[in-house]
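Beneath this line is the structure, given in structure tokens, with notes to follow.
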Amino acid sequence: MIFLKEIDNKIYKGLRLCKAELSDYCKVFAFLDGCRNALEKIEYFYPYTEEELKAVLDKGHFMCAVDGEEIVATCAVDLDKNYAVQLADVIRSSSGGNVDVDEAYEASGLMVREDHRGAGLASYMLSEAVKYADSLGIDLCGVVYYLNKASIATFFGRHFLLSGIFEPINGYKFVYLLKKFNFLCSNVQRYDKIDIKELGEQKAALLKGLQGVALDGDTVLYSEMGRKA
């Protein structure tokens with residue numbers, strides 16, 4: 001048996017949901033590395049360093065969907081508080097302080113093996129990450145390459161809001177999708193659609209207090225967000 005712990009006997013379309021541990025590092029790394037190398041655009045999945053992956057396996061909540069003994073999908077909640085503070089700092093800076101968040105724990109490692117795509121597995125894995133974050137009462141953040149529409153749409157589908165943009169010096173560009181704990185949002189005012197490639201325009205929208213709420217083709221829809229009563 002590869003995995004030390006099944007999660008509450010959860011089954012999704014015949015796949016077992018398991019929690020990977022530090023001892024499963026080689027198996028998890030091989031899965032993620034193989035899936036990334038098979039992507040048409042490998043920049044769509046920014047890889048963990050060895051240290052990062054071991055830390056999430058050891059101290060975070062790393063979930064795997066398992067078919068027999070094979071991993072077919074992954075998603076984790078990284079519980080590194082220092083990193084959560086860094087993500088929150090980017091969101092507050094991007095939004096000009098309009099988004100109130102102190103710690104945003106990353107929902108990381110969302111990956112589905114090619115032969116299991118199209119069956120809602122990514123959405124299921126992310127939903128389980130949200131449930132886990134809710135059980136801890138923490139805010140969750142997805143860090144996604146800015147042109148990865150499939151991944152962005154998955155986060156939007158689970159009610160995350162595009163709340164930050166980060167462009168590190170290594171050439172990558174990321175959008176930060178935030179789901180605040182116990183925050184039910186309503187669309188107050190629709191903003192013009194913004195092309196997904198136009199990060200400058202998206203940054204301007206964020207500074208106005210708007211957040212991305214959905215994709216429409218190659219455009220991101222922005223709204224002013226309010227809390228439901």
Side-chain angles (χ1 to χ4, degrees), residues 22 25-26 28-60 62 73-97 99 101-114 122 125-126 129 139-156 160-179 194-207 211-212 215 218-220 222:
L22 182 58
Y25 169 81
C26 291
V28 172
F29 173 81
F31 168 78
L32 293 173
D33 191 53
C35 287
R36 181 173 186 264
N37 288 332
L39 293 174
E40 184 177 349
K41 297 181 179 180
I42 64 171
E43 64 268 24
Y44 279 14
F45 186 83
Y46 193 74
Y48 293 99
T49 65
E50 179 180 349
E51 180 181 6
E52 289 167 345
L53 181 54
K54 286 183 175 179
V56 177
L57 288 167
D58 188 33
K59 301 185 182 303
F62 200 104
T74 56
C75 189
V77 177
D78 187 340
L79 296 177
D80 184 331
K81 183 173 181 177
N82 290 332
Y83 183 43
V85 169
Q86 293 174 28
L87 296 184
D89 286 345
V90 171
I91 291 170
R92 286 200 310 274
S93 176
S94 293
S95 68
V99 178
V101 59
D102 296 319
E103 299 167 7
Y105 290 85
E106 188 181 7
S108 66
L110 181 59
M111 179 69 80
V112 177
R113 203 170 73 185
E114 186 174 11
M125 297 298 289
L126 185 57
D139 298 336
L140 205 55
C141 178
V143 179
V144 182
Y145 186 70
Y146 79 115
L147 295 179
N148 188 346
K149 291 188 292 184
S151 187
I152 292 171
T154 298
F155 279 92
F156 279 149
F160 285 70
L161 301 176
L162 199 163
S163 304
I165 293 173
F166 182 52
E167 299 182 66
I169 60 174
N170 62 7
Y172 273 82
K173 301 175 183 179
F174 300 102
V175 292
Y176 284 21
L177 295 117
L178 176 68
K179 191 174 192 308
I194 301 176
D195 190 291
I196 197 170
K197 299 184 183 72
E198 299 299 333
L199 288 184
E201 292 184 28
Q202 293 191 65
K203 288 178 180 178
L206 291 171
L207 287 172
Q211 291 171 278
L215 280 177
D218 291 331
T219 61
V220 182
Y222 274 82

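Computed from a prediction, not measured in an experiment: that's the story for all the values here.
Within the 3.5 Å criterion, the main-chain N or O of Tyr46 finds no donor-acceptor partner in the side chain of Arg36. Glu43 places no side-chain N or O within donor-acceptor distance of the main-chain N or O of Tyr172, the cut-off being under 3.5 Å. Of the possible donor and acceptor atoms, one in the side chain of Tyr44 sits under 3.5 Å from a partner among the backbone N and O of Leu147. Ser163 places no side-chain N or O within 3.5 Å of a backbone atom of Ile91 that could act as its donor or acceptor partner.
Note: Phe166 and Phe174 have parallel aromatic rings, judged against thresholds of 30 and 60 degrees for the angle between ring planes.
To the nearest 0.5 Å, the span separating CG on Leu177 from CG on Leu162 amounts to 4.5 Å. Here the OH-OG distance, from Tyr176 to Ser95, works out to 13.0 Å after rounding to the nearest 0.5 Å. Here the CZ-CG distance, from Phe45 to Asp33, works out to 10.0 Å after rounding to the nearest 0.5 Å. For the atom pair Tyr146 OH and Ser151 OG, the distance stands at 15.0 Å (nearest 0.5 Å). Taking CD from Glu52 and CD from Glu106, the interatomic distance works out to 8.5 Å, rounded to the nearest 0.5 Å. Note that NZ of Lys179 and CZ of Phe155 are 12.0 Å apart. Values are rounded to the nearest 0.5 Å.
Considering all non-hydrogen atoms of both residues, Tyr25 and Glu50 come closest at OH-CG, 3.2 Å. Across every non-hydrogen atom of Ala88 and Asp102, the tightest pair is CB-O, 3.2 Å. Across all non-hydrogen atoms, the minimal contact from Ile165 to Val90 is O-CG1, 3.9 Å. Considering all non-hydrogen atoms of both residues, Phe62 and Ala76 come closest at CD1-CB, 3.4 Å. Residues Leu39 and Ile42 come closest through the heavy atom pair O-CG2, 4.0 Å. Contact detail for Gly212 and Phe156: the closest heavy-atom pair is O-CE2, 3.2 Å.
With contacts defined as side-chain heavy-atom distances shorter than 4.5 Å, the pair Glu201/Asp195 does not qualify. Side-chain contact between Thr74 and Met111 is present, with heavy atoms from C-beta onward closer than 4.5 Å. For the pair Arg92 and Val101, the minimum side-chain heavy-atom distance is below 4.5 Å. Ile196 is listed as a side-chain neighbour of Ile152, based on a closest heavy-atom distance under 4.5 Å.
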Exercise for review: Assess whether side chain to side chain contact (heavy atoms under 4.5 Å, CB included) is satisfied between Thr219 and Ile194, documenting all intermediate values.
Suggested key: CA-CA 5 Å; Thr219 61; Ile194 301 176; over 6 Å; no
**Study point:** side chain to side chain contact (heavy atoms under 4.5 Å, CB included) assessment of Glu103 paired with Asp139
**Key:** CA-CA 7 Å; Glu103 299 167 7; Asp139 298 336; over 6 Å; no
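Salt bridge Asp218/Lys197: absent, no basic N to carboxylate O contact under 4.0 Å.
For Tyr48 and Asp78, the side-chain atoms include no donor-acceptor pair closer than 3.5 Å.
The number of heavy atoms from other shown groups lying within 6.0 Å of CD (Glu114) does not exceed 12.
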